[in-house]
Amino acid sequence: MKIFNTLSRQKEEFVPLVEGKVSMYVCGPTVYNLIHIGNARPMIVFDTARRYMEHKGYTVNYVSNFTDVDDKIIRKANEEGVDPSVISERYIEECRKDMQALNVKPATTHPKATEEIGGMIEMIQTLIDKDHAYVGQDGTVYFKTRSFGQYGKLSHKNLDDLRSGGRSLLVSGEEQKQDPLDFVLWKPKKEGEPFWESPWCEGRPGWHIECSVMSKRYLGDEIDIHAGGEDLIFPHHENEIAQSEAANDREFAKYWMHNGFLNIDNKKMSKSEGNFFTVRDISEKYDLQVLRFFMLSAHYRSPLNFSAELMEAAKNGLERIVTCVSNLNFLLKNAKDGEMTEAEQKLAEEAKGFISQFDEAMDDDFNTADAISAIFDLVKFANTHVSEETGKAFVQAIKEEIVLLSDICGLIVDKKEEILDAQIEELIQERQAARKARDFARADEIRDTLAAQGIILEDTREGVKWKRA
């Protein structure tokens with residue numbers, strides 16, 4: 001398995017720190033509102049990477065945080081006249097709902113920043129003791145950026161270039177800095193804000209220290225993979241590396257993975273452009289499995305353009321797989337038992353080639369676009385070689401392969417069969433009898449009656465199928 005490492009800017013063979021185990025940290029959302037589709041992309045792509053590693057036999061310790069103290073959370077809380085925890089807990093719950101609808105597996109641990117303040121104070125004190133940080137006159141604690149000689153190794157930015165590059169490139173912070181590039185580890189409280197006691201002042205942590213501490217607590221000083229959106233490379237992940245490696249005296253993460261930006265109709269997503277969509281917005285138009293399929297239809301490092309046309313294409317693509325599995329389920333009901341024939345055994349061996357094709361794509365830096373192509377090839381194979389004459393063992397084997405590969409991608413393609421009530425079942429049987437008696441008027445009347453109840457009938461060569469409108 002090879003992973004493109006942002007740190008080295010090349011693909012590297014994946015070798016975990018501990019054989020058979022993977023420690024993985026993915027930066028989670030700041031919970032002040034419903035998550036948007038930009039938040040959903042890293043959730044989906046790194047969940048898929050996790051699923052594939054588990055499929056390969058790794059035990060994955062997957063940590064993804066909730067940033068539950070932040071200026072935006074505080075602002076919203078003040079607007080509503082409630083405690084900031086009311087806002088963060090509300091949107092953590094909403095985020096979990098959206099993740100479940102996207103079929104994103106819960107992390108091994110979902111730590112919250114506000115529950116890790118003690119660890120943050122401890123790490124900041126360690127940095128002060130090692131002369132990597134200092135305290136300002138008002139109790140603000142700053143990290144000495146130039147004290148960490150490798151600063152810029154992830155983003156490949158030069159400190160002197162940052163210094164001369166103007167305010168837009170400088171690391172964010174407050175006044176009283178010894179150097180404009182220094183960044184905040186702890187800041188004093190302001191009126192109307194939550195705060196915690198510390199040796200320096202009553203206040204709250206800077207954003208960057210949160211992930212360093214949560215990663216250390218739940219995964220250790222050194223981890224296998226740290227991941228997130230491309231926008232986090234600088235300054236967030238760069239600062240995490242500086243803090244963690246200065247405090248722990250060892251490499252922070254071996255592999256850094258970053259997903260590309262998501263654009264809307266070839267424009268950057270923004271509320272001012274009127275092209276800002278939450279996951280909940282999309283769920284009103286599409287099953288969120290379609291959004292997941294869309295996100296995986298491109299390589300995770302590539303920029304991805306969201307549009308109505310591309311979502312329709314994703315919907316049709318996913319439907320191809322779902323329909324194939326549905327057809328196989330239908331054939332299984334009446335397929336003959338027994339072992340595979342010699343011809344079926346040869347076809348079954350041929351079908352395993354699509355699994356190899358899938359694995360090869362995923363082993364190449366989790367290339368989900370090519371992996372989905374392998375699923376489509378397997379669907380085409382099934383549509384070509386499976387019929388009402390095919391034995392049950394062969395049908396079952398092909399179905400299980402399609403479902404397995406889809407499941408690794410987090411795609412639910414084996415829909416649970418719905419149970420019709422007795423009246424509708426009787427109407428379907430009555431319609432069949434009417435057609436056999438060439439009473440087409442009655443058959444059409446029954447079809448219309450069922451349609452009015454949201455039951456759509458499809459007459460196929462395998463027999464009558466139905467689906468809900």
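- A salt bridge between E80 and R90 is present, with a side-chain N of the basic residue lying under 4.0 Å from a carboxylate O of the acidic one.
- In summary, the side chains of E116 and Y218 do present a donor paired with an acceptor at a separation below 3.5 Å, with no hydrogens or angles considered.
- The side-chain tip of R9 does not point at the ring of F4 from less than 6.0 angstrom away and within 45° of straight on.
- N65 contributes no side-chain N or O that, together with a main-chain N or O of K112, makes up a donor-acceptor pair within less than 3.5 Å.
- One finds the CE atom of M362 at 9.0 Å from the CE atom of M53 (value rounded to the nearest 0.5 Å).
- Here the OG atom belonging to S244 is positioned 11.0 Å from the CD atom belonging to E222, to the nearest 0.5 angstrom.
- Between the side chain of R217 and the backbone N or O of S212 there is no donor-acceptor pair closer than 3.5 Å.
- No donor-acceptor contact under 3.5 angstrom links the side chains of K97 and Q100, judged on distance only.
- Checking side-chain atoms of D407 against main-chain N and O of V403 turns up no donor-acceptor pair under 3.5 Å.
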Does E245 form a salt bridge (charged side-chain N to carboxylate O under 4.0 Å, His left out) with K153? I'd like the steps, not just the answer.
CA-CA 12 Å; E245 298 191 3; K153 67 179 178 178; 2.9 Å; yes

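- I92 CD1 to D68 CG: the interatomic distance, rounded to the nearest 0.5 Å, is 5.0 Å.
- Side-chain contact annotation: D182 with Y134, donor-acceptor N/O pair under 3.5 Å present.
- Between the CG atom of D231 and the CG atom of L262 there is a distance of 11.0 Å, given to the nearest 0.5 Å.
- Looking only at distances, a side-chain donor or acceptor of R41 sits under 3.5 Å from a matching main-chain atom of G260.
- For CD of Q137, the number of neighbouring non-hydrogen atoms (other residues, nucleotides, ligands) closer than 6.0 Å is 12 at most.
- Classified by interplanar angle (parallel below 30°, tilted 30° to 60°, perpendicular above 60°), the ring pair H237/W256 is tilted.
- In this structure, H110 and F66 have parallel ring planes: the angle between them is below the 30° cut-off, well short of the 60° mark.
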Begin with the C-alpha distance, continue with both residues' side-chain angles, and end with the deciding distance and a verdict on side-chain contact (heavy atoms from CB on, under 4.5 Å) for R146 and Y151.
CA-CA 7 Å; R146 291 186 187 275; Y151 192 87; over 6 Å; no

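- Between H132 and F143, the ring-plane angle classifies as parallel under the 30° and 60° cut-offs.
- A 6.0 Å sphere centred on CD of E312 holds more than 12 heavy atoms belonging to other residues, nucleotides or ligands.
- No side-chain donor-acceptor contact under 3.5 Å links Y58 and E19.
- If you check the side chains of T114 and R204, you find no donor sitting under 3.5 Å from an acceptor.
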Applying side-chain contact (heavy atoms from CB on, under 4.5 Å), run through V135 and I128 and close with a yes or a no.
CA-CA 8 Å; V135 185; I128 293 171; 3.9 Å; yes

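- In terms of modelled atom types and a separation under 3.5 Å, the side chain of S302 and the main chain of A298 share no donor-acceptor contact.
- Atom NZ of K267 sits in a sparse spot, with 12 or fewer heavy atoms from other residues, nucleotides or ligands closer than 6.0 Å.
- Electrostatic pairing of K56 and D363 counts as a salt bridge here, judged by a charged N lying under 4.0 Å from a carboxylate O.
- Atoms OG and CG, on S307 and N275 in that order, are 12.0 Å from each other to the nearest 0.5 Å.
- When only modelled atom types and interatomic distance are considered, T278 and H36 share no side-chain donor-acceptor pair under 3.5 Å.
- K11 and N5 share no side-chain donor-acceptor pair at under 3.5 Å.
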Evaluate L159 against L181 for side-chain contact (heavy atoms from CB on, under 4.5 Å), listing each step before the verdict.
CA-CA 8 Å; L159 277 175; L181 292 175; 3.5 Å; yes

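- Without hydrogens or angle criteria, R301 side chain to H258 main chain gives no donor-acceptor distance under 3.5 Å.
- A side-chain donor from one of E12 and S8 sits under 3.5 Å from a side-chain acceptor of the other.
- For F294 and F306, the distance between ring centers is under 6.0 angstrom.
- A salt bridge links D47 with R292; the closest basic N to acidic carboxylate O contact falls under 4.0 Å.
- Remark: side-chain polar atoms of D370 are not paired, donor with acceptor, to backbone N or O of A361 under 3.5 angstrom.
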Steps toward salt bridge (charged side-chain N to carboxylate O under 4.0 Å, His left out) verdict (D131, K144)
CA-CA 8 Å; D131 200 27; K144 286 185 183 178; 2.7 Å; yes

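- The local environment of CD in Q345 is crowded, with over 12 non-hydrogen atoms from other residues, nucleotides or ligands closer than 6.0 Å.
- Checking D365 against Y300 by side-chain atom types alone, a donor-acceptor pair falls below 3.5 Å.
- In this structure, a donor-acceptor pair under 3.5 Å is present between the side chains of S23 and D224.
- L332 pairs by the side chain to side chain contact (heavy atoms under 4.5 Å, CB included) definition with N329, K392, V395, Q396, K399, not counting sequence neighbours.
- Between the side chain of S406 and the backbone N or O of I402, at least one donor-acceptor pair lies under 3.5 Å.
- Listed for the N158 side chain is a donor-acceptor partner under 3.5 Å among the backbone atoms of D160.
- E319 and T323 share a donor-acceptor pair across their side chains, judged by distance under 3.5 Å alone.
- No salt bridge links K2 with E13; every basic N to acidic carboxylate O contact stays at or beyond 4.0 Å.
- Rounded to the nearest 0.5 angstrom, L411 CG and L296 CG are separated by 6.0 Å.
- Relative to the six-membered ring of Y62, R50 meets both conditions, a distance below 6.0 Å and an angle of at most 45° to the axis.
- A donor-acceptor pair is defined here as one N or O able to donate and one able to accept, closer than 3.5 Å; no such pair exists between the side chain of E401 and the backbone of F354.
- Checked by atom type, the side-chain pair N259/E230 shows no donor-acceptor distance below 3.5 Å.
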What verdict does the side-chain contact (heavy atoms from CB on, under 4.5 Å) test give for F358 and I408, after you've listed the backbone C-alpha separation in whole Å, the side-chain angles of each residue and the deciding distance to 0.1 Å?
CA-CA 10 Å; F358 179 94; I408 293 168; 3.9 Å; yes

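- Between W200 and Q125 there is a side-chain heavy-atom pair separated by less than 4.5 Å.
- With respect to E349 and K352, a salt bridge is recorded, a charged nitrogen being found less than 4.0 Å from a carboxylate O.
- Remark: K315 engages no residue in a salt bridge (charged side-chain N to carboxylate O under 4.0 Å, His left out) (not counting sequence neighbours).
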